[in-house]
Amino acid sequence: MAKMYNHAEVEKKWQAKWEEAGIFKAEDFSDKPKFYGLVEFPYPSGAGMHVGHIKAYSSVEVIARKRRMQGFNVMFPMGFDSFGLPAENYAIKTGTHPAVITAKNIEHFTEQLKTVGYSFDWDRDLATSNPDYYKWTQWIFLKLFEKGLVFRANTLVNYCPNCKVVLSNEDSQGGKCDVCHSDVVQKEKSVWYLRITDYADKLLEGLDTVDFPENVKQQEVNWIGKSEGAFVDFSLKDIDEKLEIYTTRCDTLFGVTFMVMAPEHPLIDKYKDRLANFDEVEKYRETCSKKTEFERTQLVKDKTGVKLDGISAINPVNGKEIPIFIADYVMMGYGTGAIMAVPAHDQRDYEFAVKFGIDIIEVIEGGDISKEAYSGDGNMINSDFLDGLTNKKDSIAKMLAFLEEKGIGRRGIQYKMKDWAFNRQRYWGEPIPLIHCSRCGVVGVPYEELPLTLPDVKNFEPGEDGNSPLAKIDSFVNCKCPKCGGDAKRETDTMPQWAGSSWYFLRFCDPGNDNALADSEKLKYWMPVDWYNGGMEHVTRHLIYSRFWHRFLYDQGIVNTPEPYAKRTYQGLILGPDGDKMSKSKGNVVDPMDIVREYGADTLRLYVLFMGDYGAATPWSENGVKGCKRFLDRFAALPDIVDKKSSDTSLESAVHKTIKKVSEDIEQMKFNTAVAAMMTLLNDVYANGSINRDDLIVFIKLLSPFAPHICEEMYESLGGEGFVATSAWPEYDPAKTVDQTIEIAVQINGKLKTTIMIDKDEPKESAISKGKEAVADKLSGNIVKEIYVPGKIVNIVVK
RNA sequence: GCGGAUGUGGCGGAAUUGGUAGACGCGAUAGACUUAGGAUCUAUUGCCCAUGGUGUGCAGGUUCGAGUCCUGUCAUCCGCACCA
């Protein structure tokens with residue numbers, strides 16, 4: 001049996017037929033219910049597709065194909081996130097223009113995607129680096145600017161010395177550059193920010209309204225990192241100045257024995273004349289600034305710092321004079337860059353106090369402060385008017401009331417999330433449409449001048465001065481101020497990689513529109529995205545950014561839903577055959593196109609969904625691929641045994657069970673068990689030796705979202721009308737998913753002894769007696785209980 | 001430290017949510033067909049002192065019955081992190 005079908009021929013044939021018939025085109029406005037399925041569009045790298053892309057896209061592909069068969073008007077678009085550093089770095093190396101490389105890569109990618117047979121609507125294809133696309137990226141930016149959500153600040157920023165570029169917090173997680181994985185350093189620089197923190201609460205609240213996996217939501221909540229506490233003013237001794245701190249435990253104020261400022265705190269420079277040990281302070285600050293983020297956070301064990309000699313603070317609740325230190329365990333970027341230290345109840349402060357011999361005053365009972373800080377609940381002591389309170393909530397409330405009355409403290413909220421550092425000193429990105437005018441300040445490029453196109457340059461190398469290559473082009477830089485008409489200069493930095501992807505799902509609704517980012521009626525029809533699948537690594541990057549932009553556009557009345565994605569899912573990583581992460585250096589990378597050539601696209605698609613739990617990391621197995629190919633070959637041979645038996649009803653319940661299982665499993669992304677169910681059915685069919693034509697057509701339909709090419713081929717050979725892809729998804733009859741005769745277990749004291757066959761409607765008494773009969777020789781002692789779980793087990797309890 | 005998970009054969013992984021543990025696939029073993037087999041087909045395949053016993057990281061507990069629930073414990077993975 002099992003001659004192998006010619007996958008290369010079959011797949012090419014049907015890809016051409018689908019394209020010719022245009023069956024995957026989404027219709028704007030239709031009486032059918034709509035389904036907008038989305039996968040993260042790729043960066044078109046020169047290396048082409050990775051097996052990870054295949055896994056990421058195949059899930060929504062299966063769902064989209066099923067929805068079409070269920071009568072939905074489906075939009076499943078694809079495009080390219082085509083601005084970015086790799087093309088630019090390649091350009092620096094070879095001198096080829098990034099636009100040329102990008103166009104070539106997009107072509108290559110498109111061809112590869114088509115080879116896999118995805119049911120994308122290619123008419124909606126887009127690329128973020130096309131001027132007619134980034135015109136609208138710039139347009140949204142100008143809207144943000146108009147609404148005061150763009151600002152420039154001179155602060156410490158994450159900087160990648162290798163890429164020579166400023167990075168956002170999201171782009172430098174773990175102290176490593178997102179692009180090249182070099183250590184990120186802190187650098188003082190004037191950069192553009194988007195005020196994403198203004199949307200922190202909205203981004204949090206929005207999570208309650210969407211269907212995201214719990215861990216995805218949790219990760220976003222943690223990233224936003226909302227904390228409620230209080231700002232408290234400490235006055236300095238003999239100086240008319242206050243030092244403001246942020247704390248979540250203002251009720252421990254009586255336990256404050258010192259204060260710590262971040263080394264970069266501006267107050268230090270302001271009062272350096274008063275510092276007797278300024279040299280020592282300067283030296284310490286210098287060592288800190290040289291540390292990378294990585295070093296600064298890894299050396300957690302050893303607290304370092306310098307006491308400010310000449311400046312001290314007054315504890316506002318008891319008037320005691322307390323010393324001030326600078327130490328790098330306090331960060332300038334969170335809160336106010338200064339803390340009140342309560343060594344008895346904060347482990348970091350405790351370690352510092354021990355090292356520097358500072359008093360430790362217990363204000364909450366319950367721990368042993370001779371050993372370590374105690375951060376639990378307990379009775380308040382040594383705290384004047386708070387003494388005796390046992391509840392954290394009460395003591396905080398009482399202290400807050402006191403501070404507010406005295407005017408030295410106020411309620412405050414802090415977020416770990418920082419504003420989005422938005423400019424990159426690079427060429428291959430959207431030019432930021434702003435103009436610096438010496439008279440008018442910063443002015444937006446007029447809307448009618450968009451797109452502000454990237455000028456042609458010869459040298460893509462970023463300047464050593466930290467400027468983008470655009471700064472070297474006088475004809476681009478020099479311009480007239482749109483407000484006063486005087487000479488002015490353009491902003492020469494470009495937007496980060498994430499800009500274009502922050503709204504691309506909107507453009508898919510109306511990709512050719514030149515008058516708006518998309519027609520509002522079309523947006524209203526298609527949005528929100530019904531199902532969005534992508535990588536876990538984008539949860540605190542692309543997902544946050546795009547939700548922010550979308551929420552902003554909602555507030556401006558441009559889109560009609562507050563959240564862009566109704567449902568989000570993610571795929572697990574595909575590991576190399578050795579179980580390690582795939583990487584070029586390890587040489588364990590699998591090229592999906594090799595698999596297509598050798599086994600076919602249907603096999604590849606089937607395998608990535610069958611290989612394991614969709615959400616889990618699973619190693620690649622070439623033998624597993626072969627197993628899927630074997631299944632498809634055996635499936636393709638089914639027409640040989642069609643209607644071998646004249647009246648064949650023995651498969652009826654197996655077929656209905658499989659329809660139910662496959663239909664339900666797809667919805668829950670349990671593709672592996674859906675495929676397993678079809679493999680089981682195939683085994684049943686061969687065991688039976690025959691299958692009738694109608695059942696085979698049902699089987700073909702069930703498999704078609706996974707392996708569409710071979711299914712079209714078989715459907716055609718059986719005389720099916722049109723395409724399987726546009727045929728109706730099979731329904732099952734619940735009554736037929738139940739067998740008439742069933743096998744149940746017989747247990748004694750919960751231990752399996754044997755199994756018996758009974759009728760599915762067997763009465764309890766009869767089932768029990770049949771069970772007892774079957775284990776009669778093993779029964780000894782008194783029967784104390786008889787349990788029958790219908791359709792499952794008989795359990796005889798003896799003593 | 002905080003947050004999220006996970007632990008089941010030689011391997012990837014199933015288990016209708018408290019009811020026959022190991023579906024399906026891989027690998028392995030034996031046989032068939034073959035000039036050949038790394039193709040295909042058939043059979044077997046958790047482990048063990050095998051008419052039975054035992055088994056879901058480990059130790060307890062609840063229950064007629066526990067991979068599933070409870071308590072404790074160990075290990076691994078992922079994300080964030082001197083966040084005040």
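To find a chain, count down the sequence lines: A is the first, B the second, and so on, and within it residues start at 1. Computed from a prediction, not measured in an experiment: that's the story for all the values here.
Between the CE atom of A:Met536 and the P atom of B:U6 there is a distance of 13 Å, rounded to whole Å. We find that CG of A:Leu681 is positioned 16 Å from C1' of B:G25, with the value rounded to whole Å. A:Glu170 places its CD atom 10 Å from the P atom of B:A81, with the value rounded to the nearest Å. The CG-P distance, from A:Asp777 to B:G52, rounds to 9 Å in whole Å. Protein atom OH of A:Tyr788 is 12 Å distant from nucleotide atom C1' of B:G19, rounded to whole Å. The separation between A:Arg634 atom CZ and B:A39 atom P is 15 Å, rounded to whole Å. Residue A:Phe631 contributes atom CZ, which lies 9 Å from atom P of B:G25 at whole-angstrom precision. Across the protein-nucleic acid pair, A:Ile339 atom CD1 and B:A84 atom C1' stand 5 Å apart, rounded to whole Å.
In this structure, A:His265 and A:Leu243 have side chains that are in contact, with non-hydrogen atoms separated by less than 4.5 Å.
B:U17 takes the syn form, because its glycosidic angle lies no more than 90° either side of 0. Glycosidic conformation, B:A21: anti, with the torsion outside 90° of 0. In B:G79 the O4'-C1'-N dihedral to the base is more than 90° from 0, which defines an anti nucleotide.
The phosphate of B:A14 (OP1 or OP2) has a side-chain N or O of A:Asn672 nearer than 4.0 angstrom. Phosphate contact (OP1/OP2 of B:U40, side-chain N/O of A:Arg630, threshold under 4.0 Å): present.
Once rounded to the nearest 0.5 Å, the distance linking CE of A:Met679 with CG of A:Leu681 reads 12.0 Å. The distance from the CG atom of A:Asn588 to the CH2 atom of A:Trp620 is 12.5 Å, given to the nearest 0.5 Å. Atom-to-atom distance recorded for A:Arg597:CZ and A:Leu604:CG is 11.5 Å, nearest 0.5 angstrom.
Position along RNA chain B of the nearest nucleotide to A:Val797 versus A:Thr680 favours A:Thr680 as the more 5'-ward residue. Nearest-nucleotide positions on RNA chain B place A:Gly791 closer to the 5' end than the other of A:Asn749 and A:Gly791.
Comparing B:G12, B:A84, B:G19 against the side chain of A:Pro619 picks out B:G12 as the nearest. Checking B:U20, B:G19, B:G12 against the side-chain heavy atoms of A:Leu752 singles out B:U20 as nearest. When the nucleotides B:A84, B:A21, B:G25 are ranked by their closest atom to the side chain of A:Thr248, B:A84 comes out on top. Comparing B:G25, B:A23, B:G19 against the side chain of A:Asn683 picks out B:G25 as the nearest. Checking B:G19, B:C26, B:G25 against every side-chain atom of A:Ile793, the shortest atom distance belongs to B:G19.
A donor-acceptor contact under 3.5 Å links the side chain of A:Lys303 to the base of B:C82. Evaluation of atom-type donor-acceptor distances gives a pair under 3.5 Å for the side chain of A:Asn795 against the base of B:C64. With hydrogens and angles left out, the side chain of A:Lys792 and the base of B:U16 share a donor-acceptor pair within 3.5 Å.
Among the protein residues, A:Ala617 comes within range of the sugar-phosphate backbone only, with heavy atoms under 4.0 Å from sugar or phosphate atoms but none that close to a base. Residue A:Lys751 is classed as a sugar-phosphate contact, given heavy-atom separations below 4.0 Å to backbone atoms only. A:Gly225 comes within contact range of no nucleotide atom at all, as no heavy-atom separation falls under 4.0 Å.
Note: A:Phe699 and A:Phe635 meet the aromatic proximity criterion, with ring centroids under 6.0 Å apart. A ring-centre distance under 6.0 Å is not found for A:Phe610 and A:Phe671.
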